Amino acid sequence: MTPSRIILMGYMGSGKTTVGRALAKDLNMPFYDLDWYIESRMRKTVKQIFDERGEDGFRVIERNMLHEVAEFENIVVSCGGGTPCFFDNIDYLNQQGETVYLKCTPEVLHKHLSMGKTVRPLLLNKTPEQVKTYIEEQLQVREPFYSKAKHTVDVTLMDNYEKIKISVAKLKETLGIA
Ligand SMILES: Nc1ncnc2c1ncn2[C@@H]1O[C@H](COP(=O)(O)OP(=O)(O)O)[C@@H](O)[C@H]1O
Ligand SMILES: O=C(O)C1=C[C@@H](OP(=O)(O)O)[C@@H](O)[C@H](O)C1
Ligand SMILES: [Mg+2]
């Protein structure tokens with residue numbers, strides 16, 4: 001049986017949004033990306049919220065929106081990279097569903113983060129070298145929170161054109177979904 005809520009977490013660039021959307025499509029379940037939900041409810045981009053209210057203000061909004069989204073049933077949710085690391089969010093998430101940590105090496109995260117168009121305020125105004133160091137340092141701080149997820153799936157799959165498909169298959173296997 002498919003769990004009522006599948007909740008993906010992990011560092012920026014681990015593929016929460018990309019893989020979450022593909023998993024939801026595969027399972028024919030509604031998909032909620034927490035950042036997109038925040039942007040639609042607030043009618044502002046994540047960057048605008050950071051600019052106007054700072055990171056602390058964003059985290060308060062993120063927690064409030066999380067409590068809305070994680071009440072919906074039969075859904076796939078992709079968190080933001082910081083979501084499980086603030087307030088009691090990780091405990092709440094574990095209570096609400098099958099939490100999965102998408103684990104990835106700093107090298108692959110760095111590569112993923114240079115792809116796509118998503119604006120990540122925490123990485124702006126940094127050189128590629130500074131971003132690399134930032135990822136390594138912040139990952140160490142965040143890992144204890146991510147590690148509290150009920151499941152972990154390693155998504156360190158370098159340069160494989162079927163990466164998304166493989167990640168979805170790994171997730172389904174981990175969650176015991178046929
Ligand atoms: N498992 C994966 N397979 C293929 N591409 C990926 C994967 N993970 C991440 N990417 C690529 O990396 C970029 C960042 O992924 P994204 O889903 O936005 O990560 P997150 O939501 O965790 O920050 C995207 O451009 C995406 O195409
Ligand atoms: O790691 C973080 O603190 C953040 C990650 C972002 O989401 P993604 O992990 O989907 O990029 C977004 O929530 C915001 O920019 C802050
Ligand atoms: Mg995302």
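These values consider heavy atoms only, across backbone and side chains, with no hydrogens, waters or symmetry-generated copies. First listed ligand is number 1; within each ligand, the first listed atom is number 1. Note that the structure is predicted; figures quoted are calculated from it, not measured.
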Fill in: Parallel, tilted or perpendicular: ring planes of Tyr146 versus Tyr11, cut at 30 and 60 degrees
perpendicular

Practice prompt. Kindly say whether Gln140 contributes a backbone atom to a donor-acceptor pair with the side chain of Glu143 at under 3.5 angstrom?
Written response: no

Practice prompt. Decide yes or no for Asn94 and Ile7: does some side-chain heavy atom of the first lie under 4.5 Å from some side-chain heavy atom of the second?
Written response: no

Worksheet, complete the sentence: Taking only non-hydrogen atoms of Gly80 and a 4.0 Å limit, the atoms of ligand 2 in range are 7 (O), 9 (O), 13 (O)

Worksheet item: So, for Ile164 and Ala22, which heavy atoms are closest and what is the spacing to 0.1 Å?
Response: CG2-CB, 3.5 Å

Worksheet item: With Tyr134, which of Glu137, Gln130, Gln138, Glu136 fulfils side chain to side chain donor-acceptor pair (under 3.5 Å)?
Response: Gln138

Fill in: Atom indices of ligand 2 within 4.0 angstrom of Asp35 heavy atoms, with elements
6 (C), 7 (O), 8 (P), 10 (O), 12 (C), 13 (O)

Item to complete: Taking only heavy atoms of Leu122 into account, list the atoms of ligand 2 that are under 4.0 Å away from them.
Response: 2 (C), 3 (O)

Worksheet entry | Protein contact of atom 18 (O) of ligand 1 - nearest heavy atom, named by residue and atom, plus distance | Arg120 NH2, 3.1 Å

Discussion item. Assess the residue pair Arg21 and Asp33 against the criterion (side-chain contact (heavy atoms from CB on, under 4.5 Å)); give the C-alpha distance rounded to whole Å, side-chain angles, the decisive distance to 0.1 Å, and a yes or no.
Written reply: CA-CA 8 Å; Arg21 184 170 48 183; Asp33 181 86; over 6 Å; no

Item to complete: Would you mind listing which atoms of ligand 1 come within a distance below 4.0 Å of any non-hydrogen atom of Met12?
Response: 23 (O)

Worksheet, complete the sentence: Closest to atom 15 (O) of ligand 1 among protein heavy atoms sits Thr18 OG1, 3.5 Å

Discussion item. Taking the six-membered ring for Trp, are Tyr101 and His151 closer than 6.0 Å centroid to centroid?
Written reply: no

Worksheet entry | Test log, rule side-chain hydrogen bond (donor to acceptor under 3.5 Å, both in side chains), inputs Thr83 and Asn89 | CA-CA 7 Å; Thr83 314; Asn89 291 350; 6.0 Å; no

Fill in: Non-hydrogen atoms of Thr152 and Thr174 that approach each other most closely
O-CG2, 4.4 Å

Practice prompt. Report the part of Val19 (side chain from C-beta onward, or backbone N, CA, C, O) that has a heavy atom under 4.0 Å from ligand 1; answer both or neither where that applies.
Written response: side chain

Worksheet entry | Glu39 to Val46 - nearest heavy-atom pair and separation | OE2-N, 2.8 Å

Fill in: Heavy atom of the protein closest to atom 15 (O) of ligand 2 (residue, atom name, distance)
Pro121 CD, 3.4 Å

Worksheet item: How close does the nearest protein non-hydrogen atom get to atom 13 (C) of ligand 1, and which residue and atom is it?
Response: His112 O, 3.4 Å

Worksheet item: Heavy-atom contacts under 4.0 Å between Met9 and ligand 2: side chain, backbone, both, or neither?
Response: neither

Worksheet entry | contact_flag Arg142 ligand 2 heavy-atom lt 4.0 Å | yes

Discussion item. With respect to the Mg ion (ligand 3), please indicate if Thr18 possesses an N, O or S atom at a distance under 2.8 Å.
Written reply: no

Worksheet item: Angle class for the Tyr92/His67 ring planes (parallel below 30°, perpendicular above 60°, tilted otherwise)?
Response: parallel

Discussion item. Nearest non-hydrogen contact with atom 5 (C) of ligand 2 belongs to which option: Gly10, Gly81, Pro84, Ser14?
Written reply: Gly81

Discussion item. Need the ligand 1 atom indices (1-based, order shown) with element for anything under 4.0 Å from a heavy-atom of Tyr11.
Written reply: 22 (O)

Discussion item. Which residue and atom name correspond to the protein heavy atom nearest atom 11 (C) of ligand 1, and how close is it?
Written reply: Met115 CE, 3.7 Å

Item to complete: For atom 14 (C) of ligand 2, find the nearest protein heavy atom and state the residue, atom name and distance (0.1 Å precision).
Response: Val46 CG1, 3.9 Å

Item to complete: Can you see which heavy atom on Ile90 is nearest to which on Pro84, and at what distance?
Response: CB-O, 3.4 Å

Item to complete: May I ask whether Ser78 places a heavy atom under 4.0 Å from ligand 1?
Response: no

Worksheet item: What heavy-atom pair brings Thr156 and Cys104 nearest, and what distance separates the two atoms?
Response: OG1-CA, 3.3 Å

Worksheet item: Hey, which atoms in ligand 1 end up nearer than 4.0 Å to a heavy atom of Gly116?
Response: 25 (O)

Response to the item:
In this structure, atom 11 (O) of ligand 2 is nearest to the protein heavy atom Arg120 NE, 2.7 Å

Worksheet entry | Atoms in ligand 1 with a heavy atom of Thr17 nearer than 4.0 Å | 17 (O), 21 (O)

Discussion item. Please list the nearest protein heavy atom to atom 2 (C) of ligand 2 with its residue and the distance rounded to 0.1 Å.
Written reply: Gly82 N, 3.3 Å

Fill in: For ligand 2, the portion of Arg59 having any non-hydrogen atom under 4.0 Å away
side chain

Fill in: Shortest protein heavy-atom distance from atom 9 (O) of ligand 2, along with the residue and atom involved
Lys16 NZ, 2.7 Å

Worksheet item: Within the structure, does Gly13 bring an N/O atom to less than 3.5 angstrom of an N/O atom in ligand 1?
Response: yes

Discussion item. For atom 5 (N) of ligand 1, what's the nearest protein heavy-atom neighbour? Residue, atom name and distance, please.
Written reply: Ile164 CG1, 4.1 Å

Item to complete: Please report the shortest heavy-atom distance between Arg142 and Cys85, naming the atom on each side.
Response: CG-SG, 3.7 Å

Practice prompt. Report yes or no: is the cationic atom of Arg63 (NZ for Lys, CZ for Arg) under 6.0 Å from the centre of the six-membered ring of Phe87, at an angle within 45° of the ring normal?
Written response: yes

Worksheet item: Linking I/L/V/M/F/W/Y whenever any side-chain heavy atoms sit under 4.5 Å apart, do Leu175 and Leu93 land together?
Response: no

Fill in: Numbered atoms of ligand 1 (with element) below 4.0 Å of Gly15, judged on heavy atoms
8 (N), 9 (C), 15 (O), 16 (P), 17 (O), 19 (O), 20 (P), 22 (O)

Worksheet item: Heavy atom under 4.0 Å from ligand 1: found in Ser167's side chain, backbone, both, or neither?
Response: side chain

